[in-house]
Every structure is written in C-alpha cells, then in structure tokens.
Amino acid sequence: MASPLLAQVSSLESARAALETNPSTPGDWQVAEVAARTIADTLRTRSDPVDHKTQLGESSLPRTIAGLFQIATTTAGEAGIPSSTAAKTAVYELLRVGANVCSDHNPNRQALLDAGVVASVLEMLDAYWRRISGTDSSRLPVDDLRLIKTCIGILLNASLGYEPIRSSLVSSKAPLTILQLSSTLYVPGGWVHGDVEEWKWRSGLSSWGWTAISNFKGDDSEDDGPTAATQNDGKQPPIFDAEALPFLVSALSAFIPKLPPQEPPTLDRSTCHDFVRSDLDVLNHVSTQLESLALDSQTVRCDLAGWDIMTTVVDFVEKSEPPKFWSSFSSPKERQNWENQVGFCKAAVIKAVVEVAGEKDSLAILWDDKATESPGGEFVKRMAGWIRDIKLDSEGAREDLIICATLSLGNLARDESHSTALLAPPHSLTPHLLPLLEPKVNLRVKHGCTGLLKHLAQAPQNKGLLGNAGTIEALAASGIWRRESDIAEIVQINAIGVAKHLSYLNATNALRLTTPIPNDPEGDSPLDLILDLAQRSDELTVQSEGTRVLVNVIKGLFALQQAGLNGLQSAIPDSAKKPVASQEEPQVDEEKRKEAIARLLTLDTTEALTEMLARSGRYPILLNEAIVALTLLSTQPPALPLVLQSLLNALPYRITESGQAVAPPSGTTNGQALSSRSSNPLDMIVAILRNPNKLFPLGLIANACTLLGSLGKDSSEDAERVKQATRPALEALIPKAMEVDGDEGKAGTGAKAKNIVDVAAKKTLEAWSAKP
C-alpha cells in the first residue's frame with residue numbers, strides 16, 4: 001500500500017524548488033513547515049499498518065531535507081543557522097521528520113547519511129556553538145534552544161546502534177560540540193531564578209545531549225555484536241580529549257557550596273524535583289566521563305593534573321553536597337537519596353584523581369619541585385592535609401578523603417625525594433598514618449594506607465623513621481596478616497611490601513620483625529604472621545613476597561658479621577658488610593641480634609626458603625635471594641642439618657601442583673629463565689649449576705657453589721646425598737667456566753666473569769675433599 005505521505009514529500013519538493021529561486025519567501029517556508037509537520041506527526045504513530053518509513057526513505061525525502069537545510073542556513077544572515085523565523089520553524093519540523101524516519105531503521109539512517117543530512121545537522125550545531133561561545137548564552141531565544149535540542153535528537157536517533165553514522169560523528173568531533181552546547185546551555189542550579197519554560201527546554205536539551213554522548217561512547221549501543229572497529233580490543237577509544245575537560249569540570253562547581261548560599265526558588269515542588277533530577281543526571285554523566293577519561297587517556301590525565309583544573313576537582317571531592325536550598329522542597333528521605341547520588345559521583349571523581357596521580361607524566365605537574373614552604377605544592381598540601389586533619393573516630397569522618405589522599409600520595413611517593421619529603425616537616429605524615437592501621441579501620445582505608453607506606457618505606461632515610469614510629473608493630477596489631485583478613489589479599493600484599501622494604505639491610509627493623517608480639521597467645525612475631533600467611537596462600541605473589549621478608553631479615557641480621565659473606569656474589573653490597581644504621585635508629589644490641597638469629601634456626605624457616613628456591617625457576621633474583629639466605633643460615637651449626645633436610649625433602653603438593661600461573665613480584669622476571677618448577681629444591685640447584693642454554697647469571701651459579709661448600713662441611717648422610725647429587729654438575733663447571741662469553745651473566749666481564757664460577761666451583765670441591 002502506497003504511503004499517503006508521499007504527497008507531502010511532493011509538497012516539500014515544490015517548496016524547495018521555489019525557495020531555491022527566492023529563499024526569503026515566508027509562504028514557501030510555511031508550505032515546507034506544514035508538510036514536514038504532517039510527516040513527522042504521522043511517523044510518531046507506531047500502530048499504522050502502512051510501512052511509511054521504508055517508502056519515505058526510498059523516496060526523494062532525504063535529498064529534499066538536505067536541500068532545504070542548505071537553503072535555510074546559507075541565506076543572508078549568520079552562516080550555518082536558519083536566517084528567519086519562518087525558515088527556523090520549517091527546519092525544526094524537518095529535523096523532526098529526519099529523527100522519526102530513521103528511528104529503528106538502518107536503511108533510512110544510511111539514506112540520511114548519503115544525502116548529507118547528518119553533515120548538515122552537525123554543521124548547524126557547530127554554527128550555534130560559534131555563536132554561543134562569543135556571546136551570553138542566557139540570551140538565546142527558546143526557538144533556538146528548541147532547534148539545537150532537535151538537532152541533537154536526529155543525530156542520536158541516526159547513530160543509535162548504527163556504527164557508520166556513530167563513527168562518522170565521532171571522527172567529526174560531534175561529541176565535543178554536543179558537550180560544549182549542553183554544558184553551556186544547561187548549568188546545574190541555573191534554573192533557580194530563571195524562566196521555567198526556557199529552562200525546561202534547556203533541561204531537555206541537556207538530557208538528549210548526554211544520551212547522545214553516552215551512545216557515542218558506546219555505553220548504550222544496540223549492536224548485536226562487535227564491529228570491525230572494536231573487535232581488536234573490545235573497547236571503544238575515548239570520544240573526548242583534553243579539550244573537553246573545562247566543560248566537564250565546570251559542572252562540578254555547581255555542587256561546591258557558595259557564600260552566601262542561594263535563596264530557595266519560588267517554583268512548585270514538582271518542578272523543582274524535575275530540575276534536581278536534571279542537575280544530578282548532569283553530575284552523574286560528568287563524573288563518569290571524568291573517571292573513564294582518566295582511565296583511558298594519557299593526554300587527559302596530564303591535562304587534568306594542572307592545578308587550574310585540579311583545584312575544582314579537589315574542591316568538589318572535599319566540599320560538594322546537594323545545595324542547601326534543596327531542603328526547602330524535599331523530605332529527609334529524598335535529601336538522603338540525593339546525598340547518596342552526590343557521594344557516588346564523588347567516588348568516581350576520586351578514581352579519576354588517583355589515576356591522574358598514577359600517570360608518570362603527571363608527576364612533575366602534580367608535584368611542584370619549586371614549592372619551598374610546602375614541599376610538593378598545592379595538590380600535595382591538600383592531600384597531606386586530609387590525612388593529617390581527618391580523625392576517623394570522629395562523627396562524620398570522611399573515609400573517602402583519606403582513601404583518595406593515601407592512594408594519590410602513594411603514586412607520587414614512587415620518587416624517593418618525594419617519599420622523603422612526605423615524612424619530613426611540614427607534612428610529617430608518619431604519626432597520622434599509623435592510626436589508619438588499627439583493626440577497626442575499614443579495609444579500603446588500610447588499602448590506601450599500606451600502599452602509601454610501601455612506597456615510603458623504600459627510601460633509605462625513611463626506614464628508621466617508620467621503624468622507630470612503630471610501623472611494624474602497627475601492621476602486626478592491625479590483623480592484616482591474620483586469616484580473618486585473607487579476603488583483602490591486595491592489602492596483605494601491600495603490608496608484606498612495607499615489611500620487606502623496612503627490613504632491607506636494616507638490622508633494627510629486622511629485629512622488630514622477629515620480636516614476639518606482646519600478649520600474642522601463640523607468641524608469634526610479625527615475621528611468623530607473614531610466613532604463616534605465605535604458607536596458607538595459593539598466590540605465588542604472596543608466597544614469594546612473604547618469603548622475601550624472611551630473606552631480608554636474615555640479610556639484615558647477618559650483615560653485622562663477616563662470617564658467611566665471603567664468596568657471595570651480587571647479593572649483599574659492600575656497604576652492607578658493616579652495621580647498617582641510619583641516624584634515626586639506635587645501635588643494635590648484639591645479644592638481641594643473636595637471640596633473633598636463634599629464633600630463625602627452625603625447620604619452618606629453611607623450608608620456606610627452599611620452597612621459594614624450588615618454585616622460582618623463572619625468576620633468577622628470587623633464586624639468588626633464597627640461596628644467599630640459606631648460605632647465611634648454614635654458617636650457624638644448628639641450622640646446617642635443617643638446611644640439608646629441607647633441600648632433600650619433596651615440596652608440599654600445593655607448591656608443585658598449583659594451578660594457574662601468577663604474576664611474579666615486580667623486578668624479578670627473566671623471560672628466558674627456567675620455566676618449570678622443581679619438586680625437589682636440590683634439583684633446582686643442579687639445574688642452576690648446569691645452566692641450560694646459559695639462562696642464569698654467573699653470580700647466581702657462583703652463589704650456588706658457595707652454598708654447597710658450606711653444606712659440605714657437615715658429615716651427615718644428608719650432606720653426602722647432596723654431594724652425590726651435585727658433584728657431576730660442579731665438576732663440569734670448571735672447564736665450562738673457561739668457555740662462557742665475558743659479558744654474559746651480569747656478574748662481570750672477561751676473565752673476572754669466568755673466574756667467578758671457576759673459583760667458586762673449585763673451592764667447593766676442595767672443601768669437600770679436605771679432611772675434617
């Protein structure tokens with residue numbers, strides 16, 4: 001059945017022809033207006049059995065619409081904007097036709113694209129933005145607001161679920177144009193003392209604008225499957241760049257309290273509620289976009305770091321709330337709901353702030369090296385102030401600010417000078433961080449706190465400060481390493497990292513880790529808790545990092561004596577072969593050091609080290625740490641049989657047969673190293689000595705020889721088994737050491753590199769042959 005609307009198309013064609021000759025004739029524009037309104041109104045009726053859309057799409061309608069748009073926007077007047085009231089009204093009805101004819105109809109969407117309708121509409125929006133950006137947007141007439149809103153509507157309908165138009169509009173920066181118009185023409189709270197009808201149009205324009213932006217971003221796609229553009233990474237690229245930031249951030253300002261506060265509007269309750277919903281919708285869209293852009297775009301992260309923009313963002317996070325005057329037309333329940341929505345938006349913006357702080361290229365922007373009065377500048381001052389000033393035990397304490405500050409400063413503290421400055425005056429954060437570890441504190445707060453402490457603990461100048469302040473004891477008392485906190489694995493890993501860095505070549509902190517916890521029912525030390533956690537965890541990161549704390553404790557305690565250090569390569573620097581003490585830490589008591597070492601001489605200790613040795617074939621650094629620690633322990637006669645026993649015992653099932661591979665600790669990966677795990681720790685030592693395909697550093701091989709030399713001093717049956725298992729590989733090392741390339745293995749070059757393994761292997765065999 002032929003559509004009766006085709007007659008209206010003919011009327012449009014006639015009007016177009018007449019207007020091409022005389023574009024200023026109001027009567028011809030009225031003919032076009034009436035015909036277009038008839039078509040648009042009919043297309044809104046979904047129950048009509050006639051397939052109007054298909055017939056209209058296949059007719060001359062798309063080309064006629066495009067032609068009329070061109071006539072209306074190129075006549076004498078402002079380029080790109082209809083020049084007369086009659087033309088403007090007709091264009092409005094034509095936009096309705098376009099929006100309705102392409103709704104849920106891909107062939108018609110393509111027809112509008114091919115005819116140039118989509119491009120003409122975008123040109124119209126660009127023209128309006130040029131006008132608004134140079135004038136007062138509050139003086140824009142309602143008929144222009146209506147036209148802009150309907151332009152957005154046709155672009156939304158045309159692109160919804162249709163990738164050819166969506167991608168074309170994105171590449172033409174349509175999302176930015178719509179954002180600019182929407183954020184300028186609808187400012188949250190601007191309706192309070194404005195004309196109600198005008199602001200209803202502004203509100204509707206904003207709503208359609210944000211719906212279109214969400215569609216461009218891919219949030220509301222109707223596609224049945226991924227398009228060619230998204231199959232590779234499954235994610236649409238960002239639709240905005242840094243140019244959008246001022247328009248996004250400006251909406252946040254409306255929720256930052258002003259002085260004096262705004263007076264309540266004189267509107268009815270229902271109207272006020274409608275505008276409040278619009279305000280909150282804008283805030284939700286803006287915060288979501290900021291979070292998404294901070295995650296996806298390095299350029300945005302760097303631009304957002306600038307203080308002129310970041311100051312508004314930080315003010316919003318700290319101060320934002322529903323405007324006070326909203327209480328005049330709301331119930332307590334409604335206001336609580338609005339506060340929750342604002343809180344949700346704060347959380348999204350906080351994520352954006354943390355991402356910006358985590359961008360390495362933002363580091364020099366957020367941390368102002370020229371600031372002397374407050375090191376780090378304004379951003380650092382605000383973050384440190386939140387940590388220092390907020391007391392979690394007070395009513396209404398802002399945990400979200402603590403989380404934002406600790407995570408952000410944790411990212412900035414990756415630089416050693418920054419880390420040192422945060423613990424020095426005027427920031428002096430140490431006494432304000434430790435209360436955040438108390439058992440009653442939320443795990444999300446502990447996550448931020450332990451992450452910050454992990455970076456702070458890496459600076460040599462901070463080890464004594466944090467140790468003397470009781471950081472290790474606070475971590476132990478917090479319960480983080482106990483079984484009830486196993487649900488927060490990332491917090492546990494952070495806390496292990498703090499202990500690892502604090503104990504690295506620091507005897508005082510090593511002692512603290514081995515000292516029994518006061519009133520602990522089992523008499524456990526902090527180190528015991530860490531090793532228990534590593535033992536029960538299925539995650540390789542927890543197992544390895546936990547055992548590395550043990551390694552650092554051993555190295556810290558044994559660094560005060562020469563015994564056992566000779567012959568170890570690249571494991572303990574020369575500076576560690578003497579007492580390691582900063583200005584802040586007291587001299588280590590020799591008796592306490594001996595007591596701490598004695599507490600380490602257990603089968604649990606040696607088994608933890610040999611497990612790490614057996615499971616770390618891919619990670620030479622971990623292999624070396626395990627071997628060095630075992631060598632140092634073996635200098636103590638009570639430990640020698642324990643080390644031998646642990647090397648010969650098969651590993652527990654959970655170590656040799658665990659399922660999924662887990663990412664290793666940072667800085668330990670060697671992609672070429674041995675990929676398999678050994679079921680017997682001694683087998684791994686043999687593999688290191690044989691060094692298949694020259695995978696292992698020469699220093700590691702030499703250290704394995706030194707360990708075997710120490711173990712060979714024992715005359716037990718276990719010692720003989722170790723000798724029998726490793727002798728062929730040791731004997732093969734002596735000629736092989738003369739064949740390796742001089743620059744291999746990172747332990748030296750030329751003759752020195754060859755000599756490391758040769759000398760170590762010979763010394764071990766000679767020690768075995770010597771009579772007791």
Side-chain angles (χ1 to χ4, degrees), residues 547-548 550-552 554-555 557-559 561-572 597 600-601 603 605-617 619-649 674 678 680-691 696-716 718-734 737 745 747 756-770:
T547 309
R548 293 181 84 183
L550 171 61
V551 170
N552 283 354
I554 292 171
K555 293 196 302 191
L557 295 174
F558 279 82
Q561 62 179 46
Q562 296 292 332
L565 294 177
N566 294 330
L568 294 179
Q569 304 295 324
S570 302
I572 300 180
I597 290 176
L600 294 176
L601 305 183
L603 189 60
T605 297
T606 56
E607 284 184 345
L609 294 170
T610 53
E611 284 183 13
M612 184 166 81
L613 173 66
R615 68 172 175 253
S616 302
Y619 316 116
I621 288 180
L622 299 184
L623 293 174
N624 198 57
E625 289 189 346
I627 287 173
V628 167
L630 288 168
T631 303
L632 293 172
L633 284 178
S634 67
T635 63
Q636 304 294 306
L640 196 53
L642 302 178
V643 173
L644 288 166
Q645 179 182 342
S646 299
L647 284 172
L648 292 167
N649 286 345
L674 194 66
S678 173
N680 184 308
L682 189 60
D683 292 342
M684 184 60 74
I685 292 181
V686 173
I688 292 170
L689 297 176
R690 290 176 177 168
N691 198 14
F696 296 115
L698 297 180
L700 172 61
I701 302 171
N703 286 345
C705 295
T706 301
L707 170 61
L708 292 173
S710 297
L711 298 177
K713 297 175 184 178
D714 192 67
S715 58
S716 66
D718 283 345
E720 288 304 314
R721 290 173 60 193
V722 168
K723 292 177 183 178
Q724 291 175 12
T726 57
R727 186 182 296 275
L730 274 171
E731 292 174 342
L733 275 177
I734 298 175
I756 288 174
V757 174
D758 184 20
V759 170
K762 285 181 178 179
K763 280 187 175 181
T764 297
L765 291 171
E766 289 171 358
W768 287 359
S769 301

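Bear in mind the structure is a predicted one, so any value in this text is a computation, not a measurement. Along the sequence shown, residues carry numbers from 1.
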Exercise. With sequence neighbours excluded, tell me which residues meet side chain to side chain donor-acceptor pair (under 3.5 Å) with Thr606.
Key: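 Expected list: Ser646.
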Quiz item: side chain to side chain donor-acceptor pair (under 3.5 Å) with Thr726: which residues, sequence neighbours excluded?
Solution: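 Residues passing side chain to side chain donor-acceptor pair (under 3.5 Å) with Thr726: none at all.
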Self-check item: Carboxylate-amine/guanidinium contact Glu766 Lys763, below 4.0 Å
Solution: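 Looking at Lys763 together with Glu766, the answer is no, because their closest N to O distance does not fall below 4.0 Å.
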Self-check item: Trace of the side chain to side chain contact (heavy atoms under 4.5 Å, CB included) decision for Leu600 with Leu550
Solution: CA-CA 9 Å; Leu600 294 176; Leu550 171 61; 4.0 Å; yes
Indicate yes or no for a side-chain donor-acceptor contact from [X] to the backbone of [Y] under 3.5 Å, with no hydrogens or angles considered.
{"X": "Asn624", "Y": "Pro620", "answer": "no"}
{"X": "Ser634", "Y": "Leu711", "answer": "no"}
{"X": "Ser710", "Y": "Thr631", "answer": "no"}

Side-chain heavy atoms of [X] within contact of [Y], under 4.5 Å:
{"X": "Leu733", "Y": "Asp758", "answer": "no"}
{"X": "Thr706", "Y": "Thr764", "answer": "no"}
{"X": "Thr547", "Y": "Glu611", "answer": "no"}
{"X": "Leu765", "Y": "Ile734", "answer": "yes"}
{"X": "Leu622", "Y": "Val551", "answer": "no"}
{"X": "Ile621", "Y": "Arg548", "answer": "yes"}

Do you know the tightest heavy-atom contact between [X] and [Y]?
{"X": "Val722", "Y": "Leu708", "answer": "CG1-CD2, 3.7 Å"}
{"X": "Ala614", "Y": "Pro681", "answer": "CB-CA, 4.0 Å"}
{"X": "Ile597", "Y": "Phe558", "answer": "CG2-CZ, 3.9 Å"}

Quiz item: Atom CD in Glu625, atom CG in Asn703: separation rounded to 0.5 Å?
Solution: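 Interatomic distance, Glu625 CD to Asn703 CG, rounded to 0.5 Å: 11.5 Å.
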Self-check item: From Leu632 atom CG to Ile627 atom CD1, the distance as rounded to the nearest 0.5 Å
Solution: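 Result: 12.0 Å between the selected atoms.
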Practice problem: Please name the residue in the list Leu609, Thr610, Asp683, Asn680 that meets the side chain to side chain contact (heavy atoms under 4.5 Å, CB included) test with Leu647. | Solution: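 That would be Thr610.
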Practice problem: Taking atom types as modelled, find out whether Asp718 and Ser716 have a side-chain donor-acceptor pair closer than 3.5 angstrom. | Solution: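 No, no side-chain donor-acceptor pair sits under 3.5 Å.
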Exercise. Take Leu642 and Gln636 through the test side chain to side chain contact (heavy atoms under 4.5 Å, CB included) and record every step on the way to the result.
Key: CA-CA 10 Å; Leu642 302 178; Gln636 304 294 306; over 6 Å; no
Exercise. For Lys713, look at atom NZ and say whether over 12 heavy atoms of other residues, nucleotides or ligands are found less than 6.0 Å away.
Key: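 It does not: Lys713 NZ has 12 such atoms or fewer within range.
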